[in-house]
Amino acid sequence: FGQAFKLSRCDMHEYFDEVQIQHFPRYSYGEQIAALVESGTDRLSLTYSFQRFANHLVNNRVPWKEETRATTSKPLNAQSAQAEAALARLEAAEQAQLLRALTRLVRVAGPSETSGDTGQQVATSEFTAAELALLQRFAETRLLLIESDTASGQTTMVHMADDELIRNWQSLQAELDRDREFFRWRQQLQRDLSEWIASGRVNAALLTGRALEVAQTQQATHADYLNSTEMAYLTASSQHSATTARTHRARRLAVMATVSFGTVLLAVILFAYWKSQNAQSNQQQAIALTTAGNAAADKGNFDEALAQYNQALQIAPLPETYLSRAEAQRALGQDEQAIADYNQALAGNDKFISAYLGRGNSYLRLGRYAEASQDFDKVIYNTASDSKSLAAAMLGKGEAALRKDDTNTAIALQTQAIQLDPDNDATYLARGAAHQRRGDRKQAIDDYKQALALTRDDQLKDRATKG
């Protein structure tokens, strides 16, 4: 046209923006093209496109006619403008509810990702009836698609029609920008939830430790953005954590059985030595009190044991007393205080294998996996470590790897622990959980059976049976 009519400019972009058949990337593999669904008021239908084309020829200037245009700012993306218009037609409460629902259809990009946010398909069962009704109204714009199961005719999946709309729609982006960290956390929660459901809702797939604490904080501040399935998962995790806390004392006694004998023996030797030197010395009194505390701890009387240790430390700050008090505090779930006492014990004697092992387990429960692994390594690479201590360190390090979803490393470490201490039911149970998380059901069942054969603990039997 430019050469034929000697025009300085021939811009038909605006014309074709109005009359062209719209293209959707999601319809590139044989699905039904949205433009072929006839609707007289749908701007994407063939009928509407024909009407626009005819009106343009009859009522407007010919596309090659040259005229002066005023300089204007860049127009809003057509899809974004259409989305804003559809949103504006809703009441304020409905707008907020629709935007909350639409955030589920967005995969929020990470801080280092340059491609931006993208769409994702979500089952209609993830939405409430009210949310689904709003989504169906918004779907009339063809900017959102609700696909049906061809066999049953029931709607199953929802997704945005175009990723560019997600990135350009200001209202949706403003909703996401309110707390992108939360939306990224919710994406991880959905992966954890899927794993829990796929495992048959076993307790091993529930949130624990630091992950549960973060989830409880998010639940308190963003309850409106969590659906019923996610809330059920968080509730189950909290309830299981509370139940587990009530049974930790008995389990800790079993874990501490190996180190308790060495601790008591050391205290008795020190007591006999100082008694022969000076029956009235402060150290003798402290050792006697420590021994009495150890005896109380072995019976499960940790409060009485702590009273003995506190009195002993007021008389003489012996490393052995700090170690014993740390073990009692860990048995009571007071991991921060236990770590402080383990540090004091190691400051007085850095050869305490049991101190590294105990502190590593406290770090593990607090979710400080790197520090836990460092302590377990000190046990593993210390030539003075016995086979049971080595096995306990391998088990602890394997648990740290499993909590970081490194199942291969976890299983390798747990296997070494079994070779060192083949009669330990807890090790088979831990490896069974790792196999189950990796999806190796047969190996998991074999390990659970072995744990059942070895254990005398009814709670561990119940856990292995459920696993």
Side-chain angles (χ1 to χ4, degrees), residues 207-214 240-263 266 290 293-294 296-298 300 302-303 305-306 309-310 313 317-382 385 388-404 410 413-414 417 424 426-427 429-430:
L207 299 177
T208 59
R210 178 60 180 165
L212 178 57
E213 292 176 7
V214 172
H240 176 66
S241 178
T243 302
T244 302
R246 290 193 293 268
T247 61
H248 267 317
R249 181 175 299 182
R251 293 181 182 179
R252 289 193 196 96
L253 287 174
V255 174
M256 292 168 57
T258 301
V259 296
S260 294
F261 175 77
T263 303
L266 179 59
T290 300
N294 289 340
D298 287 341
F302 294 106
D303 291 331
L306 284 176
Y309 299 145
N310 291 338
L313 289 170
L318 298 178
E320 293 77 14
T321 308
Y322 278 114
L323 175 60
S324 295
R325 190 171 73 171
E327 297 285 4
Q329 288 169 331
R330 189 165 66 86
L332 291 172
Q334 301 169 0
D335 290 294
E336 294 288 358
Q337 296 92 320
I339 289 172
D341 276 353
Y342 283 129
N343 292 339
Q344 291 288 347
L346 289 169
N349 185 349
D350 63 357
K351 303 300 182 184
F352 276 150
I353 296 299
S354 56
Y356 289 117
L357 191 58
R359 189 173 68 178
N361 281 312
S362 286
Y363 281 140
L364 185 62
R365 277 207 301 267
L366 291 173
R368 296 159 65 175
Y369 304 133
E371 293 162 287
S373 294
Q374 290 176 0
D375 275 353
F376 293 137
D377 281 340
K378 289 176 182 176
V379 178
I380 293 170
Y381 296 113
N382 193 315
S385 299
K388 289 189 177 295
S389 295
L390 285 171
M394 294 287 187
L395 180 60
K397 192 171 182 182
E399 180 63 22
L402 182 60
R403 293 188 185 184
K404 293 187 291 185
L413 289 165
Q414 290 157 353
N424 189 339
T427 310
L429 187 63

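All residue numbers in this chain count up from 1 along the given sequence.
Scanning both residues, Leu364 and Ala372, for their nearest heavy atoms gives N-CB, 3.8 Å. Taking both residues in full, the closest heavy atoms of Ala345 and Pro319 are given as CB-O, 3.5 Å, listed atom of the first, atom of the second, then distance. Minimum interatomic distance between Leu390 and Val379 (heavy atoms only, all atoms of both residues): CD2-O, 3.6 Å. Ala401 approaches Ala410 most closely through the heavy-atom pair CB-N, 3.9 Å. Ser373 approaches Ala400 most closely through the heavy-atom pair OG-CB, 3.9 Å. Of all non-hydrogen atoms in Ala417 and Met394, the two that sit nearest each other are CB-CB, 3.7 Å.
Ser324 OG to Asn294 CG: the interatomic distance, rounded to the nearest 0.5 Å, is 3.5 Å. Of the inter-residue distances, the one linking Glu213 atom CD with Leu207 atom CG reads 11.5 Å to the nearest 0.5 angstrom. Taking CG of Leu318 as the reference point, atom OH of Tyr309 lies at 12.5 Å (rounded to 0.5 Å). If you take CD on Gln374 and CZ on Arg368, they are separated by 10.5 Å, rounding to the nearest 0.5 Å. Taken from CG in Leu306 to CD in Gln329, the straight-line distance is 6.0 Å, to the nearest 0.5 Å. For the atom pair Gln334 CD and Arg325 CZ, the distance stands at 10.0 Å (nearest 0.5 Å).
Side-chain contact check for Thr321 and Thr290: at least one donor-acceptor pair (N or O, by modelled atom type) lies under 3.5 Å. Using modelled atom types and a 3.5 Å distance limit, the side chains of Glu327 and Tyr342 yield a donor-acceptor pair.
Under a 4.0 Å N-O distance rule, the pair Asp377/Lys397 qualifies as a salt bridge.
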Practice problem: For side chain to side chain contact (heavy atoms under 4.5 Å, CB included), just list the numbers for Asn349 and Leu323, CA-CA rounded to whole Å, side-chain angles, deciding distance to a tenth of an Å, and then say yes or no. | Solution: CA-CA 10 Å; Asn349 185 349; Leu323 175 60; over 6 Å; no
**Q.** Verdict with supporting geometry, Glu320 and Phe352, side chain to side chain contact (heavy atoms under 4.5 Å, CB included)
**A.** CA-CA 9 Å; Glu320 293 77 14; Phe352 276 150; 3.9 Å; yes
Decide side chain to side chain contact (heavy atoms under 4.5 Å, CB included) for Arg359 and Asp341; before the verdict, give the C-alpha distance in whole Å, the side-chain angles of both, and the deciding distance to 0.1 Å. CA-CA 9 Å; Arg359 189 173 68 178; Asp341 276 353; over 6 Å; no
- [ ] Could you give me the CA-CA distance, side-chain angles and deciding distance for Lys378 and Asn382, then say whether side chain to side chain contact (heavy atoms under 4.5 Å, CB included) is met?
- [x] CA-CA 6 Å; Lys378 289 176 182 176; Asn382 193 315; over 6 Å; no
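In terms of modelled atom types and a separation under 3.5 Å, the side chain of Arg403 and the main chain of Gly209 share no donor-acceptor contact. Judged by distance alone, the side chain of Arg330 and the main-chain N or O of Gln337 form no donor-acceptor pair under 3.5 Å. Between the side chain of Asn361 and the backbone N or O of Leu357, at least one donor-acceptor pair lies under 3.5 Å. In this structure, the side chain of Tyr322 does not engage the main chain of Leu346 through any donor-acceptor pair within 3.5 Å.
A heavy-atom distance below 4.5 Å is not found between the side chains of Leu395 and Phe376.
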